[in-house]
Amino acid sequence: MAAVDAYRSEVARRAHYRCEYCRYPEAASSTPLEVDHIIPEARDGITTLDNLALCCRSCNLHKYVKIDAVDPITGEMTSLFNPRGQHWREHVTLDRDTGAIQGVTPTGRATEKALVLNSSHAVTTRQLLIRLGLFVVS
């Protein structure tokens, strides 16, 4: 864990202090966001900047050691979103009226479902943050 701590400030700055999976802002959190291994250590992922992402507690708990999940449309296993090699807006969209995040690619859909991005609590919180101007997608 000490190795991850050494990278935390760079990972947070690079992520603009938002979860790289759901875009939840650290400024709205009562605790600092976490550093996630994109390829988990349990799957031989290493602690380097290229394998770390800023992650909210909810996304980190749901992602756990997953690197892939089922696309709910095709039924095929597909890789989860990788913030180091993929662009968020290419895989998901945000409905600013409802607060829902919708996957538009197999990767986006698998990530949306696996990380439970649209739980009722997440959507309600996202709607409030959008209204307050604290939820920014870039």
Is there a side-chain contact between [X] and [Y] in this structure, where contact means two heavy atoms from C-beta onward sitting under 4.5 Å apart?
X      : Y      : result
Leu117 : Cys59  : yes
Thr111 : His91  : no
Lys113 : Val70  : no
Arg126 : Ile101 : yes
Pro25  : Tyr17  : no
Pro83  : Ile38  : yes
Leu115 : Leu80  : yes
Gln102 : Val92  : no

Looking at Glu20 and Lys63, is any side-chain nitrogen of the basic one under 4.0 Å from a carboxylate oxygen of the acidic one?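 No.
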Name all residues meeting the side chain to side chain donor-acceptor pair (under 3.5 Å) criterion together with Arg109; count only those two or more places apart in sequence or in a different chain, and write none if there are none.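 For Arg109, the residues satisfying side chain to side chain donor-acceptor pair (under 3.5 Å) (neighbours in sequence not counted) are Asp71.
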For Asn51, side chain to side chain donor-acceptor pair (under 3.5 Å) partners two or more places apart: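 Testing Asn51 for side chain to side chain donor-acceptor pair (under 3.5 Å), a comparison that skips the adjacent residues, returns none.
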Ignoring hydrogens, what is the shortest heavy-atom contact between Glu10 and Leu49? Give both atom names and the distance.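 Shortest heavy-atom contact: CG-CD2, 3.7 Å.
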side-chain contact (heavy atoms from CB on, under 4.5 Å) between Thr47 and Leu52, worked out: CA-CA 7 Å; Thr47 303; Leu52 299 175; 4.2 Å; yes
